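Here the structure is a predicted model, which is why all the values come from computation and not from measurement. Here is how names work: the chains are called A, B, and so on, in the same order as the sequence lines, proteins then strands, and each is numbered from 1.
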Amino acid sequence: MTTVPQTSPSRHRPARIAVNAGLVIFIALYAAIAFLQPNYLEPGLFMNFLRRAAPLVILACGQLYVILTGGFDLSMGAVATLVVLAASILINGDPDATWAVIGALYTMGIAVGLVNGLVITFLKVPSIITTLGTMLLVNGLALAWSGGAARGDLPDNFRNLGRLVWRDVPLIGTLPLAALVLAAFVALAWFGLSGTVYGKRALAVGDNPRAAELAGTPVAATRILAFVVSAVSAVTAGILLGGFSGVSVNAGEGLELQAIAACVIGGAQLLGGRGSIWSAVFGALSLFALFTLLNLLGLPQALRDSIQGLILIAAVGATVWRTRRRT
Amino acid sequence: MTADIVKPKPGVPVAVLLAGLSIGFFVVVALATGETAQLSGQGVTGLLQRMVALGLVAIGQTFVILVGSIDLSVAALISAVAVLASHVMQGDPAMMLPAILVCLGLCVAVGFVNGALVAYGGINPLIATLGTGLIIQGVLAASFGALQGSVAREFQIIAYGGVLGVPYSLLLLATLSLCAAFVLDRTLFGARIYAVGGNPDGARLAGIRTERVILSAHMVASLFAGAAGLYLAARLQSGTPWIGRDGIYDLESIAVTVIGGTILAGGKGGVAGTLAGVLLFASLDAGFNMLGIDAFLKQVLRGTIVIAAVAVHAVRAKGHVA
């Protein structure tokens, strides 16, 4: 409830502080990891950390596009599962088919994203319901197609995308291919939001769709594109996941909620209007560092969920508290 | 979630339309597949019994959605209640009442925490209840080894017993639905729920303590989830930490509530629509079983129908939907 003249300075401040929050949490958690296992400070292990965190970071970047425009994408995990299962069935161990199949996977992903976006913008079904529906639908299709069990085989040139590591690289020692994919994807996602007019449109649509529309923003196209980006990120993450963990029917289970959690921990605001690509990147890295830390502490797998829940509430609570104190 | 208000079709409320469609589908499938036994009293009772667990959760979910909040922790809470009930009872009928009290106490506590985080903490309800759900789920899964047991045989009467051919579980659902409908339509608390969901600022200016209403709605939702957990424990004899999650009760309860015409932004909807949504899911399940559709294809159809059912009345909304 502030008066108009105050809005322009205070509009930018929360975003800046929020980004710092994600980065600070990540550094704190990574310091704790390094304290327990000093060799995590070596470039090699850090690169390995990045390699394993890559799918979650990529998913979070895609989810961020949707969150910025005010929606949710619950179908990501199912798309990742579909990608892993479809790749193994379509390629079926034939290395020559890999690139064609990757093309096909992206086509499927884009189709899911388009369906999500079109249903939400034109049929006016809330995104949480739409993507819940496509989640059930895509998961069902993937399982029906594969008969409910992992079958087929992924050739090495496909799996290398997720697990190939170059050794004896100057300066950093080892360089996983997945880290390069990650860097490229983040760079593209960053460019999309900060280097093009799309980023401003997404924020405007998320903040107030009606006002954005009156200002001439193509609201429907902005929303649909966000869901397509999100689905593309899910396909990319699925390809990496298939690479290093192989084929399984629950490859993508629960990833959609982790991606949403990552964005929120990094300071993105649910229902849109605030956040940057760094919220997603550092939020996801924080979440993954938390998982790693809990593993190192030897906590039971199940308690990881609990701690994740606590961190989630605490991170959002802290953001709310800071915002309230300021206004 | 700033959806404009969707007007139900003049004359035919969403609930009646949905219920009619569901029953029509069920009857047509039963006749087409020759399974006329499904249309006997017993078959219909079976159909209605499919509604109980999801129905109970969804009524609670309707309360929170009506105040403009949402509850994703119900699935974890259902599992927690089912496990706790079987652990406290250990098959001993004398422990039935204490077990029920402990479970409902847990629900009140969880509902209070959810409501406090949302209403007083200002935390987005999706994140707050996702967080509490994760906490419950994690603690439950980690300590399940120490929490085994089973419910008393007498307790299973809730799921398997009945009077005059009507199962107690159905009577439970019917009674609680009527109570919920009465509270929403005829009491001050109900009016406040609609007011807070429809326009929180207006409600506050009108002197309603909106935080308390939101808090109470969350407690109602948790108690209904607890009732569903107790019913499932009675049906399965012992709870496991995954029955809530495996039944996707969190997302499905939201889906049926929205299918029944309750708006995610809050302030419009009701129990009748929600029950019609649950009936739709139950008759689809029963129909698919009669048709012998395999489990995966069933999931595909379910996903499609969720979207289509909401689209039918959402498509006329003006303005933008997130």
Side-chain angles (χ1 to χ4, degrees), chain A residues 69-72 74 119-130 132-145 147-148 205-206 209-210 213 219 223 257 260-261 264 269-272 299-314 316-317 320-321 323-324, chain B residues 1-4 6 70 72-73 76 117 121-124 126-128 130-144 241 248 251-252 254-255 258-259 263-265 294-308 310-312 314-322:
Chain A
T69 58
F72 299 93
L74 297 179
V119 168
I120 289 159
T121 49
F122 293 111
L123 297 184
K124 312 270 169 119
V125 179
S127 63
I128 194 166
I129 301 289
T130 308
L132 165 66
T134 43
M135 172 180 112
L136 293 173
L137 200 154
V138 171
N139 231 340
L141 279 179
L143 291 173
W145 192 4
V205 168
R210 180 78 185 125
E213 183 177 51
V219 175
R223 282 245 163 88
L257 290 179
I260 295 175
V264 171
Q269 181 177 293
L270 286 186
L271 306 183
L299 276 180
Q301 188 81 4
L303 277 181
R304 276 180 21 169
D305 280 350
S306 296
I307 309 244
Q308 193 194 340
L310 274 178
I311 296 266
L312 200 55
I313 295 177
V316 180
V320 171
W321 182 67
T323 327
R324 276 190 184 174
Chain B
M1 300 189 192
T2 46
D4 273 29
V6 187
I70 208 162
L72 290 178
S73 69
L117 287 172
I123 296 174
N124 181 299
L126 277 164
I127 293 296
L130 174 64
T132 50
L134 282 171
I135 294 173
I136 298 171
Q137 188 68 58
V139 171
L140 191 62
S143 55
F144 178 59
I248 341 181
L251 295 175
E252 291 210 337
I254 296 170
V258 175
I259 287 174
I263 291 169
L264 276 176
D294 86 316
F296 306 135
L297 194 57
K298 228 193 280 190
Q299 217 183 345
V300 175
L301 290 170
R302 214 168 218 230
T304 319
I305 288 163
V306 168
I307 297 176
V310 177
V312 167
V315 72
R316 280 168 292 153
K318 295 194 185 73
H320 298 283
V321 171

* **Top contributor to chain A interface from L140(B), V310(B), V306(B), L297(B) [non-hydrogen pairs under 4.5 Å]** => V310(B)
* Asked: Measuring heavy-atom distances to chain A, does A255(B) have an atom under 4.5 Å in its side chain, in its backbone, in both, or in neither?
  -> both
* Under a 4.5 Å heavy-atom cut-off, does chain A meet the side chain of I248(B), its backbone, both or neither? -> side chain
* Hey, could you give me the CD/CE distance between Q299(B) and M135(A), rounded to the nearest 0.5 Å? => 8.0 Å
* Structure fact -> Ranked by heavy-atom pairs below 4.5 Å to chain A, first place among I127(B), L301(B), I259(B) goes to I127(B)
* Of all the heavy-atom pairs spanning S306(A) and V139(B), show the shortest one and how long it is. => OG-N, 3.1 Å
* **Least distance between heavy atoms, L136(A) atom then G303(B) atom** => CB-CA, 3.8 Å
* Asked: Is it the side chain or the backbone of E213(A) that comes within 4.5 Å of chain B heavy atoms, both, or neither?
  -> side chain
* Asked: With a 4.5 Å heavy-atom cut-off, do L74(A) and L251(B) have their side chains touching?
  -> yes
* **chain B contact via I311(A) - side chain, backbone, both or neither, heavy atoms under 4.5 Å** => neither
* Interface moiety of V258(B) toward chain A, non-hydrogen atoms closer than 4.5 Å -> side chain
* Contact winner vs chain A - T132(B), I123(B), V300(B), I254(B), heavy-atom pairs under 4.5 Å -> V300(B)
* Structure fact -> Closest non-hydrogen atoms of P126(A) and L264(B), given as atom of the first, atom of the second and distance, are CB-CD1, 3.6 Å
* Nearest heavy-atom neighbours spanning A142(B) and L303(A) -> CB-CG, 3.8 Å
* Per-residue contact mode, L132(A) against chain B (heavy atom under 4.5 angstrom) -> side chain
* Mind checking the CD1-CG spacing from I260(A) to L130(B)? Nearest 0.5 Å is all I need. => 8.0 Å
